Amino acid sequence: MVTEVVKINRDSMDAKLIQKAGRILQNGGLVAFPTETVYGLGANALDVDGAKKTYGVKGRPADNPLIVHIAHYDDLKEIAQNIAPVAEKLAKVFWPGPLTMIFEKRALVPLGTTGGLDTVAVRMPKDKIALALIEAGGGYVSAPSANISGRPSPTLAEHVLEDLDGKIEMIVDGGAVDMGVESTILDMTVQPPMILRPGFITAEMLEEVIGSVALNRERLEESDSKPKAPGMKYRHYAPKGSLSIIEGDLPMEVSAIQKLVKEKQKEGKRVAVIATDETVALYPDGIVKNLGSRKEVAGIAGNLYRILRELDQEEVEFIYSESIPQEGIGIAVMNRLEKAAGFKRISAETILL
Ligand code: TXA
Ligand code: MG
């Protein structure tokens with residue numbers, strides 16, 4: 001299959017191209033498209049074969065459910081039931097936007113799309129291209145991140161091409177995504193609603209609208225128990241090299257990383273550092289990647305996956321990353337970084353002993 005890449009300008013969208021992409025979805029094909037979080041791999045969510053194809057090209061386990069993307073709030077009622085008033089409130093405030101909510105599903109949604117679950121995850125993205133495509137594609141578009149399972153999510157059309165060239169009908173190239181970290185997932189079937197995946201919409205932001213929400217930290221850790229968001233149990237976003245997160249106060253993290261880089265270089269290894277604006281000048285050795293300023297963690301979120309992919313291309317064997325404070329969007333950044341590291345954390349103090 002030849003994958004067609006079409007560039008679409010968000011501010012003067014070519015309606016013909018959107019219609020063409022929409023027809024591919026309606027006819028059972030796959031189209032990757034930008035959302036404000038990451039690029040998604042779109043298929044018709046109401047067609048079992050769409051889900052099957054999606055799992056196939058991603059190499060994704062079939063028990064890992066897909067998010068159904070909609071373009072109009074009222075469409076939610078066709079695919080979900082027992083929608084609580086608090087969900088309606090959240091939708092009013094955060095949709096369109098990077099919030100996914102989980103509801104009891106209606107029969108219209110095939111079990112193939114939900115990984116066999118009787119619940120369905122629904123999101124209304126903000127990106128204009130995404131909204132236009134969902135509409136053109138029939139209104140219900142399933143879309144996991146458009147990467148091969150286990151690789152970092154794509155924040156550029158080039159990343160999608162790297163992973164899925166020749167496997168899907170079309171890539172809609174809308175340039176770099178806005179945010180770079182996947183949506184917050186909130187389970188609305190439990191009381192209080194529970195965050196299953198942290199994102200740009202933080203617990204504090206949700207609580208301002210509906211009162212208490214739960215963030216089950218256990219779900220963020222590696223565990224053998226059956227996780228509520230099946231995707232969270234898989235190692236993810238993982239670069240090919242061995243990534244470790246160094247923990248301590250920042251000056252100690254820097255000293256520990258300097259020491260680790262020297263040691264690995266002595267062994268003849270290719271080593272990289274994931275640093276920040278504030279520290280990047282402190283690393284004279286190794287390949288040094290800059291996440292951006294600690295004062296602007298949203299920017300750090302936007303750079304993370306691109307940097308993880310670059311480290312693969314540069315065939316780095318060992319990667320040491322600084323930690324980012326776990327507050328606000330920093331919680332989502334560290335959640336992804338920890339998964340990328342396979343939860344390998346090293347205390348700076350022990351390195352410096
Ligand atoms: O920002 C996003 O959400 C992006 C863009 C493309 O919209 N999509 C995305 O999809 O991140 P994906 O498939 O890469 O991640 C979806 C996560 C998985 O961890 C999956 O297990 C969980 O959502 N999920 C989906 N449906 C669920 C359900 N019914 N119950 C629990 N977890 C669910
Ligand atoms: Mg994903």
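Atoms within each ligand, like the ligands themselves, are counted from 1 in listed order. Computed from a prediction, not measured in an experiment: that's the story for all the values here.
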Exercise for the section: Decide whether the shortest distance between a heavy atom of Lys105 and an atom of ligand 1 is less than 4.0 Å. Expected result: no
Practice task
Could you tell me whether ligand 1 has any atom less than 4.0 Å away from a heavy atom of Ala143?
Solution key: yes
Exercise for the section: State, without any angle test, whether Glu182 and Ser145 hold a side-chain donor-acceptor pair at a distance under 3.5 Å. Expected result: no
Exercise for the section: Find all atoms of ligand 1 within a distance of less than 4.0 Å from any non-hydrogen atom belonging to Asn64, and give their numbers and elements. Expected result: 18 (C), 20 (C), 21 (O)
Completion exercise
Tested for side chain to side chain contact (heavy atoms under 4.5 Å, CB included) against Leu30, the lone hit among Met1, Lys167, Glu169 is Glu169
Problem - Thr119, portion touching ligand 1 at heavy-atom distance under 4.0 Å - result: both
Practice task
Go through the steps for Asp173 and Lys7 under the test salt bridge (charged side-chain N to carboxylate O under 4.0 Å, His left out), then give the verdict.
Solution key: CA-CA 5 Å; Asp173 180 354; Lys7 275 202 174 26; 3.4 Å; yes
Exercise for the section: Any atoms of ligand 1 less than 4.0 Å from a non-hydrogen atom of Ile185? List them with their elements. Expected result: 17 (C), 22 (C), 23 (O)
Practice task
For the residue pair Ser183 and Thr100, confirm or rule out a side-chain donor-acceptor distance under 3.5 Å.
Solution key: yes
Completion exercise
Atoms of ligand 1 under 4.0 Å from any heavy atom of Ala121, numbered from 1 in the order shown, are 25 (C), 26 (N), 27 (C), 29 (N)
Problem - Non-hydrogen atom of Leu117 closer than 4.0 Å to ligand 1 - result: yes
Handout entry: Under 4.0 Å to a heavy atom of Glu182 - the qualifying atoms of ligand 1, by number
Key = 1 (O), 2 (C), 11 (O)
Handout entry: Distance-only N or O hit between ligand 1 and Thr35, under 3.5 Å
Key = no
Fill in the blank from the handout: Note: Leu41, heavy atoms under 4.0 Å from ligand 1, region reported as neither
Problem - Electrostatic pair Arg106:Glu78 at N-O distance under 4.0 angstrom - result: no
Handout entry: Ion pair check, Glu267 and Lys264, cut-off under 4.0 Å
Key = yes
Fill in the blank from the handout: Here the atoms of ligand 1 under 4.0 Å from any heavy atom belonging to Thr37 are 1 (O), 2 (C), 4 (C), 5 (C)
Practice task
Run down the list His69, Met101, Lys58, Met179 and name the one with the heavy atom closest to atom 7 (O) of ligand 1.
Solution key: His69
Practice task
Return yes or no for this condition: an N or O of Ser145 is under 3.5 Å from an N or O of ligand 1.
Solution key: yes
Handout entry: Ser183-ligand 1 polar pair, N/O distance under 3.5 Å
Key = yes
Handout entry: Presence of N, O or S from Ser145 under 2.8 Å of the Mg ion (ligand 2)
Key = yes
Fill in the blank from the handout: In ligand 1, the atoms that come under 4.0 Å of a heavy atom of Gly40 are 6 (C)
Completion exercise
Across all chains, not counting sequence neighbours, the side-chain hydrogen bond (donor to acceptor under 3.5 Å, both in side chains) partners of Gln258 are none
Handout entry: Residue that, paired with Asp163, satisfies salt bridge (Lys or Arg N to Asp or Glu O under 4.0 Å) out of Lys58, Arg151, Arg60
Key = Arg151
Practice task
May I ask you to check whether Thr35 and Arg123 show a side-chain donor-acceptor distance below 3.5 Å?
Solution key: yes
Completion exercise
In short, ring pair (Phe, Tyr, Trp, His ring centres under 6.0 Å) pairs touching residues 284-316 with sequence neighbours left out are Tyr237-Tyr305
